> 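One structure is given below, represented as structure tokens, and several questions about it will come after.
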Amino acid sequence: MLIHPWDAARDDAEWQEWLATHDFGQLAVNGLPGEPPFVQPLHFLYDGERGEVLAHLARPNPVWPALEADPDVLLSVVDDYVYAPGYWQTAPDEPAEQGTPTSYYAAVQLRCRARVVDDPAEKAELLTRLMGHFQPEGGTAEVAVDEAPFGRMLSGLRGVRLEVVGVRAKFKYAGRKPEAHARVAAGLAGRGGPRDAAALRHLSRRRGA
């Protein structure tokens with residue numbers, strides 16, 4: 001992912017705060033020799049204090065042989081993306097039709113080292129943490145080894161712990177064209193399309209930083 005200086009995260013807090021509200025991404029795993037890479041969509045839990053990501057997948061998933069052969073993986077999370085027409089970004093003295101359209105988006109890529117979890121007790125603990133994140137209101141039975149209703153299901157899945165070893169974060173919101181910020185902001189506010197409000201918040205926040 002290309003990251004120009006004006007699109008880079010200002011500090012760790014910027015991408016960490018954004019990632020705290022985004023828990024669905026794509027796990028990229030190098031393919032076995034002669035095979036293309038695997039790209040697995042999945043929900044996950046990012047634990048910043050421990051520097052790890054937790055997830056689980058079904059045991060029949062074809063990604064496992066590749067993951068065990070090469071545990072160096074990339075978790076990619078992208079959101080708040082919008083299309084920006086060229087006429088939003090032209091300078092005041094330029095013809096609007098000569099503007100260059102682009103995309104605005106937020107993206108965080110976590111380079112990780114994966115460890116597969118097969119121990120039933122550790123899987124139960126991992127799933128309990130995931131449930132605490134995704135369903136904090138409760139309303140579900142406890143996940144415990146050899147106990148109904150979920151104990152018998154543990155053998156049908158495998159857990160994954162991803163140790164985060166590197167981070168690349170990008171917030172591409174007209175950072176190179178401060179003279180166009182007012183026009184871009186007006187365009188986002190006026191269009192009111194999906195994710196326009198989120199993009200406008202990024203634009204305003206980074207302009208004020």
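As the structure is a computational prediction, the values presented were derived from the model and not from experiment.
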> For the pair Lys123 (side chain) and Val117 (backbone), establish whether a donor and an acceptor sit closer than 3.5 Å, ignoring hydrogens and angles.
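No, Lys123 side chain to Val117 backbone: no donor-acceptor pair under 3.5 Å.
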
> Is it true that a side-chain atom of Lys170 and a backbone atom of Ala9 form a donor plus acceptor pair closer than 3.5 Å?
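Checking the backbone N and O of Ala9 against the side chain of Lys170, no donor-acceptor pair under 3.5 Å is found.
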
> Considering residues at least two apart in sequence or located in another chain, which fulfil the side chain to side chain contact (heavy atoms under 4.5 Å, CB included) criterion with Ala198?
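With neighbours one apart ignored, the set is Asp80, Arg201.
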
> Does the side chain to side chain contact (heavy atoms under 4.5 Å, CB included) test come out yes or no for Asp79 and Trp18, once each step is laid out?
CA-CA 10 Å; Asp79 202 359; Trp18 183 82; 3.7 Å; yes

> Which atom pair, heavy atoms only, marks the closest approach of Pro60 to Gly156?
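Residues Pro60 and Gly156, closest heavy atoms: CD-O, 4.2 Å.
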
> Specify the closest pair of heavy atoms between Val108 and Ala169, including all atoms of both residues, with the distance to one decimal.
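Reported closest heavy-atom pair: CG2-CB, 4.1 Å.
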
> Between Arg111 and Glu163, does any side-chain N to carboxylate O distance fall below 4.0 Å?
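Result for this pair is no, no salt bridge flagged.
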
> Strictly by side chain to side chain donor-acceptor pair (under 3.5 Å), give each pair with a member in residues 138-159 just once, sequence neighbours left out.
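Only Glu68-Arg158, Asp118-Arg158 qualify under side chain to side chain donor-acceptor pair (under 3.5 Å).
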
> Is there a path from Leu74 to Leu42 through hydrophobic residues (I, L, V, M, F, W, Y) whose side chains come within less than 4.5 Å of each other?
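In one cluster: no.
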
> Could you work out, with side chain to side chain donor-acceptor pair (under 3.5 Å) as the rule, every residue matching Arg168, not counting sequence neighbours?
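Applying side chain to side chain donor-acceptor pair (under 3.5 Å) to Arg168 gives none.
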
> Hey, what do you get for CE (Met153) to CG (Leu127), rounding to the nearest 0.5 Å?
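Answer for the CE-CG pair, Met153 versus Leu127, is 11.5 Å.
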
> Do you know which two heavy atoms are closest between Leu126 and Ala55, and how far apart they sit?
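Heavy atoms of Leu126 and Ala55 come nearest at CD2-O, 3.6 Å.
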
> Val160 and Ala114: which non-hydrogen atoms are nearest, and at how many Å?
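Distance-wise, the nearest heavy atoms are CG1-CB, 4.3 Å.
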
> Below 4.5 Å, heavy atoms only, C-beta onward: do Gln89 and Val184 meet side chain to side chain?
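Side-chain contact under 4.5 Å: yes.
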
> So, are Asp7 and Lys172 salt-bridged, with charged N and O less than 4.0 Å apart?
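Here Asp7 does not pair with Lys172 in a salt bridge, since their nearest N and O are not under 4.0 Å apart.
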
> Is there side-chain contact between Gln40 and Val29, with at least one heavy-atom pair below 4.5 Å?
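Gln40 does not reach Val29 side chain to side chain.
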
> Could you check whether atom CZ of Phe150 has more than 12 heavy atoms from other residues, nucleotides or ligands sitting under 6.0 Å from it?
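Yes, enclosed.
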
> Residues two or more places apart in sequence or in another chain: which of them pass ring pair (Phe, Tyr, Trp, His ring centres under 6.0 Å) with His43?
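Checked His43 against ring pair (Phe, Tyr, Trp, His ring centres under 6.0 Å); matches are Phe24, Phe134.
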
> Which residues pass the side chain to side chain contact (heavy atoms under 4.5 Å, CB included) test with Asp47, sequence neighbours left out?
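Only Glu49, Arg50, Glu52, Arg129 meet the side chain to side chain contact (heavy atoms under 4.5 Å, CB included) criterion with Asp47.
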
> For Arg195, check salt bridge (Lys or Arg N to Asp or Glu O under 4.0 Å) against everything at least two apart and list the hits.
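Result, salt bridge (Lys or Arg N to Asp or Glu O under 4.0 Å) vs Arg195: none returned.
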
> Check for me, please, whether Leu57 and Val39 land in the same ILVMFWY cluster - side-chain distances under 4.5 Å, paths through other members count.
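Looking at the clustering, Val39 is in a separate group from Leu57.
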
> Tell me every residue that passes side chain to side chain contact (heavy atoms under 4.5 Å, CB included) with Leu200, counting only those two or more places apart in sequence or in another chain.
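For Leu200 the side chain to side chain contact (heavy atoms under 4.5 Å, CB included) partners, ignoring immediate neighbours, are Ala185, Leu188, Ala189, Leu203, Ser204.
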
> Which atom pair, heavy atoms only, marks the closest approach of Val73 to Leu27?
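The pair with the smallest heavy-atom distance is CG2-CD1, 3.8 Å.
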
> With clusters defined by side-chain heavy atoms of hydrophobic residues (ILVMFWY) lying less than 4.5 Å apart, directly or transitively, does Leu45 cluster with Val164?
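Val164 does not cluster with Leu45.
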
> For Pro120 and Leu154, work out which heavy atoms get closest and say how close.
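For Pro120 versus Leu154, the nearest heavy atoms are O-CD1, 3.9 Å.
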
> Nearest 0.5 angstrom please: Asp12 CG to Leu19 CG, how far?
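Between Asp12 CG and Leu19 CG, I get 11.5 Å after rounding to 0.5 Å.
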
> Not counting sequence neighbours, list each pair that qualifies as a salt bridge (charged side-chain N to carboxylate O under 4.0 Å, His left out) and has a residue in residues 173-182.
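Of all non-adjacent pairs touching residues 173-182, none passes salt bridge (charged side-chain N to carboxylate O under 4.0 Å, His left out).
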
> Please answer whether the main-chain N or O of Ala174 pairs with a side-chain N or O of His181 as donor and acceptor at a distance below 3.5 Å.
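Checked: pair present.
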
> Identify, with sequence neighbours excluded, every residue that meets side chain to side chain donor-acceptor pair (under 3.5 Å) alongside Glu14.
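Per chain and number, Glu14 pairs via side chain to side chain donor-acceptor pair (under 3.5 Å) with Arg205, Arg206.
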
> Quick check on ring-ring contact (aromatic ring centres under 6.0 Å, His included): which of Tyr104, Tyr81, Phe171 does His202 satisfy it with?
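Of all the options given, the one that passes is Phe171.
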
> Are the side chains of Pro85 and Arg191 in touch, meaning some heavy atoms are under 4.5 Å apart?
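Contact flag for Pro85/Arg191 side chains = yes.
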
> If two hydrophobic side chains count as joined below 4.5 Å and joins carry through other members, does Val78 share a cluster with Tyr173?
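In one cluster: no.
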
> Which residue, Leu162, Leu130, Val77, forms the side-chain contact (heavy atoms from CB on, under 4.5 Å) with Phe44?
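Only match with Phe44 under side-chain contact (heavy atoms from CB on, under 4.5 Å): Val77.
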
> Scan for salt bridge (charged side-chain N to carboxylate O under 4.0 Å, His left out) pairs involving residues 37-46, sequence neighbours excluded, and state none if there are none.
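Checked against salt bridge (charged side-chain N to carboxylate O under 4.0 Å, His left out) - neighbours excluded - no pair reaches residues 37-46.
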
> Output yes when a side-chain donor or acceptor of Trp64 lies under 3.5 Å from a complementary backbone atom of Arg59, and no otherwise.
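At least one qualifying donor-acceptor pair exists.
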
> Could you state whether Leu75 and Val63 fall into the same hydrophobic cluster, counting links through intermediate Ile, Leu, Val, Met, Phe, Trp or Tyr residues with side-chain heavy atoms under 4.5 angstrom apart?
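Looking at the clustering, Val63 is in the same group as Leu75.
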
> Could you name each residue pair satisfying side chain to side chain donor-acceptor pair (under 3.5 Å) that touches residues 90-99, not counting sequence neighbours?
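For residues 90-99: Thr90-Arg183.
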
> Please name all residues satisfying side chain to side chain contact (heavy atoms under 4.5 Å, CB included) with Ala13, sequence neighbours left out, ordered by chain then number.
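Once residues adjacent in sequence are excluded, the partners of Ala13 under the side chain to side chain contact (heavy atoms under 4.5 Å, CB included) criterion are Asp11, Glu17.
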
